[in-house]
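In what follows, a structure is listed as structure tokens, so that the remarks can point back to it.
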Amino acid sequence: MTTYITTPIYYVNALPHLGHAYTTIVADTYSRFRRLCGDRVRFQTGTDEHGEKIAQAAEAEGVSPRAYADRISDAFRQTWPLLAVEPDHFIRTTDPGHIRTVQDILAKVHAAGDIYFSEYTGLYCQGCERFLTEKELVDGNCPDHQKPPKEISEQNYFFRMSRYQQWLIDHIKANPDFITPERYRNEVLSFLSEPLEDLCISRPTSRLTWGIPLPFDDKFVTYVWFDALINYLTGIGYPDGPDFQEYWASAEHVIAKDILKPHAIYWPTMLKAMGLQPYRRLHVHGYWNVDETKMSKSIGNVVRPGELVAACGTDTVRYFVLREMSFGLDASFSGTAIVERQNSDLANDLGNLFSRALTMLAKYAGGTVPAPDEAAMTAEDRQLTADLLEMVSIYRREMDQFNFSRALQEIWKVIGQLNRFIVVNAPWELAKDPALAGRLRTVLSLLAEALRLIALVLRPVMPEAAARMARALGLAEEMAAATLERDGVWGLLRPGAALGEIPQLFPRIDKKSQPAAPTTTTVKKEAKPASAPPAPMPAPAEHDGVITFDQFGKVELRVGRVTAAEKVAKSDRLLKLTVEAPEARTIVAGIARYYQPEEVVGRLVLIVANLKPAKLMGVTSQGMVLAAKEKDAAGNERLVLATVAGEIAPGSRVA
Ligand code: MSP
């Protein structure tokens, strides 16, 4: 089987926040889940870079749309590893291959007679980048952006979407899981019960140049949605690439409810006009609010993924969002809720089960897998075993239906049963009586096997913790290649096999140090660059010759985790960073023109740890952050922070 899973491609007019992180964690979890089911998987995310919104945001910053898009696209790309999100492909709508294919598709659909030229007057919402119907307005405003749309009247090209309306209705009715959960399917069908208008797919270059030129009329560029939706095809090599042939039939898109209409109506009809089969499923989730309030730049309550990871760790963030949101409904984030989940579900329930069971295996079974004694097995043991296998099968069904929260609740139900099993069977008591050695081995072997199954099913959700669990069970290699089919059965641990070291899975978080109140998220207009003070970036080395190993050895390079960042007052170049390496220190870095403070929090950076402290704009800098610098043909400087290629403990020495 194959699976092709995608996220929306995100607009580059805002930095990544909790909403983007959620969709992308969902897609990553599903991608890992399907791999665990033995599928070949392609997982794609990326950035949507054309259109009015982006052109205006770039103008407001006084940079070219391309330079602006490069910077924010990079911020998205750099955020995903912090969340253990591992896409196979990151697409940008400014990729030359994407642009070429969009033009080929437009030419084909035009030649087939499905694109025509006409005059149109409509109500345009720039936030949505689409025309709204009167019916969609609430008190004259766009319900998503709380602003009245602008009346626009102009000549444009149109896609004959209406031609495919009946086909789409029939397709949705014949395929109950085409749009899920059901409420969104019903919403689309209700919308389709009224006549569908044709879709305006161009913008005159007199109004907008930041887009893909129409191949048949260069006085127009392509409408951003027509360009963006096609990313799902270009990203897997449409039309000739082998991946396209292999994966398209299994395409599944994850989106939030804000972009239902383009995905449920524009996109399938576009595919039909191109002569392609529609995607397999569209999964629509609700919105994240913060403390019951809409997340917004103006309120200043936008939650940044990097800040969350720095405070709670990658796996906790993934677990929290998947457990807390019922897929399809809105959910509310709060610092207290995430700390509560970490302390109770992760540190207490899972962490304690794990460390207690492994400590007893070390103490009473010599750190190896004990052989169960069939004669000492009770009816309760058999029931618990059956419950564990039942959990694996419910988990499989719920994950497939995107009911992540329910799948996790099933796992936590058996975690609760196992914790009670320990208390009831009290292995420390059994160990006191040699006559009960068989029973002790049976109890411990059941626990070890249960932990193996729990690590297996948790892999898609918490890849790092699951890997630590697997290592502790002596299964690092087996687990990496495991499938639910082969490994989701009872009794695979080999008696006598050695167990590994016992890790601490999840530390408890002190309630006082819960994630700080979110900081504002705007991609702010920065002050004009001035002749700035020297920044603690690496100065160009004076390469008048080679250096000795000893000379190099004097430079103490370490990996550090940025846990806080803020602008240095009165400087447009400096950011004051708190870097843990592993002790927290302050480093002032000349990166403010290239990075917003929120963009760097949570990142692993490379630092010179033994540099003599220096005062910069009144702040003492205890080290230097490394970055690479380049100049483009126009002489514009670009700077990118240096980092390591994988997760590693802050403080690790670089040599
Ligand atoms: N560029 C278009 C999508 C084109 S796809 C062919 C776009 N971009 S966006 O940056 O606005 O991203 C919207 C998506 O971000 C939502 O559909 C959802 O996946 C995610 N979210 C943004 N804010 C969100 C919340 N507050 N809550 C949950 N997800 C949200 O639309």
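Counting starts at 1 for both ligands and their atoms, following the listed order.
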Run down the list Asn13, Thr23, Val284 and name the one with the heavy atom closest to atom 20 (C) of ligand 1.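 Going through Asn13, Thr23, Val284 one by one, Thr23 has the nearest heavy atom to atom 20 (C) of ligand 1.
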Would you tell me which option among Pro16, Cys128, Gly19 has the nearest heavy-atom contact to atom 30 (C) of ligand 1?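 Among Pro16, Cys128, Gly19, the closest heavy atom to atom 30 (C) of ligand 1 comes from Gly19.
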Hey, does [X] come in under 3.5 Å of ligand 1, counting only N/O atoms on both sides?
X      : result
Ala256 : yes
Ile9   : yes
Tyr11  : yes

Glu197 CD: over 12 foreign heavy atoms closer than 6.0 Å: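 No.
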Crowded around Asp170 CG? As in, over 12 foreign heavy atoms under 6.0 Å?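 Count over threshold, so yes.
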For [atom], grab the closest protein heavy atom and report residue, atom and distance to one decimal in Å.
atom                    : answer
atom 22 (C) of ligand 1 : His17 CE1, 3.6 Å
atom 31 (O) of ligand 1 : Ile259 CG2, 3.4 Å
atom 27 (N) of ligand 1 : Trp288 N, 2.9 Å
atom 12 (O) of ligand 1 : Tyr10 CD2, 3.6 Å

Taking only non-hydrogen atoms of [X], do any sit less than 4.0 angstrom from ligand 1?
X      : answer
Ala14  : no
Lys257 : no
His263 : yes
Tyr287 : yes
Tyr232 : yes

Mind telling me whether [Y] and [X] have parallel, tilted or perpendicular rings, with 30° and 60° as the class edges?
X      : Y      : result
Tyr116 : Phe158 : parallel
His171 : Trp167 : parallel
Trp267 : His253 : tilted
Phe327 : His283 : perpendicular
Tyr30  : Phe33  : tilted

With a heavy-atom distance limit of 4.0 Å, tell me whether [X] approaches ligand 1 through its side chain, its backbone, both, or neither.
X      : value
Tyr22  : neither
Asn231 : side chain
Asp258 : side chain

Reported CD1-to-NE2 distance for the pair Ile25 and His20, which is rounded to 0.5 angstrom: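 Separation between the atoms: 13.0 Å.
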Please report the interatomic distance NE2(His98) to CG(Leu233), rounded to the nearest 0.5 Å.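 Rounded to the nearest 0.5 Å, the NE2-CG separation comes to 9.5 Å.
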Phe178 and Tyr279: ring-ring contact (aromatic ring centres under 6.0 Å, His included), yes or no, with the steps? CA-CA 8 Å; Phe178 183 56; Tyr279 52 78; 4.6 Å; yes
Proximal ligand 1 atoms for [X], defined as those under 4.0 Å from one of its heavy atoms:
X      : result
His20  : 10 (O), 15 (O)
Met295 : 26 (N)
Asp48  : 1 (N), 2 (C), 4 (C)
Ala228 : 6 (C)
Gly286 : 28 (C)
His285 : 19 (O), 28 (C), 29 (N)

Carboxylate-amine/guanidinium proximity below 4.0 Å for Asp70 and Arg92: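 Yes.
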Considering the options Glu410, Gln409, Glu398, which one meets the side chain to side chain donor-acceptor pair (under 3.5 Å) requirement together with Asn403?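 In the set Glu410, Gln409, Glu398, the residue that makes a side chain to side chain donor-acceptor pair (under 3.5 Å) with Asn403 is Glu398.
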Does the ring of Phe320 carry Arg341 above it, NZ/CZ under 6.0 angstrom from centre and within 45° of its axis?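 No, a cation-pi geometry is absent between Arg341 and Phe320.
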Would Arg35 and Glu86 satisfy salt bridge (Lys or Arg N to Asp or Glu O under 4.0 Å), going step by step from the backbone distance to the final call? CA-CA 13 Å; Arg35 287 179 218 263; Glu86 290 177 358; over 6 Å; no
